[in-house]
Visitor: 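Let me begin by handing over the structure; questions about it come next.
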2 protein chains.
Amino acid sequence: MADAARNDVARNDIAWNDSARDEGALPLPAAIAAALEEDIVFGRLHTRERLIEEELAERFRATRHTVRQALAELERMRLIERIPHRGALVKAYNPAEVRQLYALREMLETQAAALIPLPLEEAALAPLRGLQQKHAAAVAAGDARAVFRADLAFHRALFAHCGNLFLAETIEELGQRAQVIRYANLRSRSSMEWARDQHAAMLGALERGERGALVALCAAHFAPAREAYLSQHPALLG
Amino acid sequence: MADAARNDVARNDIAWNDSARDEGALPLPAAIAAALEEDIVFGRLHTRERLIEEELAERFRATRHTVRQALAELERMRLIERIPHRGALVKAYNPAEVRQLYALREMLETQAAALIPLPLEEAALAPLRGLQQKHAAAVAAGDARAVFRADLAFHRALFAHCGNLFLAETIEELGQRAQVIRYANLRSRSSMEWARDQHAAMLGALERGERGALVALCAAHFAPAREAYLSQHPALLG
DNA sequence: GTCAACGGCATTGTCGACAATCTCATTGAC
DNA sequence: GTCAATGAGATTGTCGACAATGCCGTTGAC
């Protein structure tokens, strides 16, 4: 019965966030998946926590089938793990895995940064500036959700210019997988401001055609998240 | 009605291959997905061809639900594309995409080859030799399916030694996506023999600790498949 | 003769109900 | 007291039926 009590607390926690509806025109499973993704990113759902289909169906006022599809989507993104007849768990990474994941991201983003044509033409630069401003505004407003979305959009738009669709996709996928790890950083205002300033510096490098600076910025961009995660999780278990 | 006739031909084609059963203990959706994967790889299902749930259900003697799961799996592997209310198509790549996909594979496999500890210890080398022998035996027997499976296994085992789980996974996923493109090569005996000899050369480089040779072999390993595909597909459309 | 509206048919998507499986507390033997 | 077997309840998996949608040939107006 202690278990039931724990589950109730968790359910109340996440019940605050009824954000499936505000996704607008998204198909329902995608909207549910997005809401759960946020729950994971912002730590409302913890590592190893169980996701129970019927509870989610009630919360989102959807059928269990719909929830099931959303869970399949989250599994595809590798944010959760599904074990046959046992349900879905928020995925956990041990420190070695975290290091490997970030090492790969660094490698790919470095290569992608090296492929972006420099200096970037104005027509491509303008949308990036727009996204940068959105991100900065979200940081100023202290709106963590908006920061999260704007950050994703900025990086997607940036690496879209690397000239390799598959590289850009892979970078984005690995970024999604790292979200489970990243959430600690979204809460701190200073780290959000640091990211904002890095984006500004990237834009500068893109404008002025400074290849070395761009590559260095991309490579170093997520070091803080990795370090924060590793420092919080003792070596024995992730 | 011309359409119906075309579909019948295709259906007879693939009806030869009732290989879902011989996957042994795999869960049924996975077995169906594997059978369809082979159909795609071996060109029994052509690019842009439609996959109709009910036909597949009949062929595999499964319910449409099960087929649906298999299609979801193939979509996850990006071998097919699903359009809402319109069904599933075997994915097509245009020449630019083919080039990008292979460029990324080359980049990743080069990096992975650079990370494998050299010379590779005997305990790790022995299983690789075993897989190489299986591959060579399949080539000798002219068993294209066995060649396909053995080739996958060899590369998976090779890159598992790069020390980065995510890099190895990503390489494998991109290899799966390239399967749509690769099939032309599986038919020719000479290309199978070429792959076999390349594997042998890789093993030699692993044993003797020849980093440069290993990297070069990995980078060049799939150039023939790319070239074969590009030469067959005029620039306008893939 | 052209073209837009209609409607039948093929196909995919969703639902509620039931079956299969796992978990965990209880029971009973030693 | 420990431990394995049992069984009830919780949870996931699968099914058949029906709803929704898109495709495409037909109809009819101009």
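Per chain, numbering begins at 1; letters A, B, ... match sequence-line order.
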Visitor: Between protein and nucleotides 12-16 of chain D, what N or O pairs are separated by less than 3.5 Å?
Guide:
from    : atom 1 : to       : atom 2 : distance (Å)
dT12(D) : OP1    : Leu51(A) : O      : 3.4
dT12(D) : OP2    : Glu53(A) : N      : 3.1
dT12(D) : O3'    : His85(A) : N      : 3.4
dG13(D) : OP1    : His85(A) : N      : 3.3
dG13(D) : OP2    : Arg68(A) : NH2    : 2.3
dG13(D) : O5'    : Arg68(A) : NH2    : 3.2
dG13(D) : N7     : Arg64(A) : NH2    : 3.4
dG13(D) : O6     : Arg64(A) : NH2    : 2.6
dC15(D) : OP2    : Thr63(B) : OG1    : 2.9
dG16(D) : N7     : His65(B) : NE2    : 3.3
dG16(D) : O6     : His65(B) : NE2    : 2.5

Visitor: Applying ring-ring contact (aromatic ring centres under 6.0 Å, His included), name anything that partners His199(A), two or more places apart in sequence or on another chain.
Guide: His135(A), Phe154(A), His155(A), His221(A)
Visitor: Not counting sequence neighbours, which residues clear salt bridge (charged side-chain N to carboxylate O under 4.0 Å, His left out) with Glu53(B)? List them please.
Guide: Arg64(B), Arg68(B), Arg82(B)
Visitor: So does Glu97(B) get a backbone contact from the side chain of Gln100(B), meaning a donor-acceptor N/O pair under 3.5 Å?
Guide: no
Visitor: From CG of Leu71(B) over to C1' of dT11(C), roughly how many Å is that when rounded to an integer?
Guide: 13 Å
Visitor: Is the NZ atom of Lys91(B) crowded by more than 12 outside heavy atoms at less than 6.0 Å?
Guide: yes
Visitor: The criterion is side-chain hydrogen bond (donor to acceptor under 3.5 Å, both in side chains); which residues satisfy it with Glu81(B), sequence neighbours excluded?
Guide: none
Visitor: Go through the structure and list residues passing salt bridge (charged side-chain N to carboxylate O under 4.0 Å, His left out) with Glu54(B), not counting sequence neighbours.
Guide: none
Visitor: In degrees rounded to 10°, what angle is found between the helical axes fit to the five outermost pairs at each end of the helix from dG1(C)-dC30(D) to dC30(C)-dG1(D)?
Guide: 0°
Visitor: Considering non-hydrogen atoms only, spot the tightest contact between Leu108(A) and Met107(B) and give its length.
Guide: CD2-CE, 3.4 Å
Visitor: Any salt bridge between Asp39(B) and Arg59(B), counting N to O under 4.0 Å?
Guide: yes
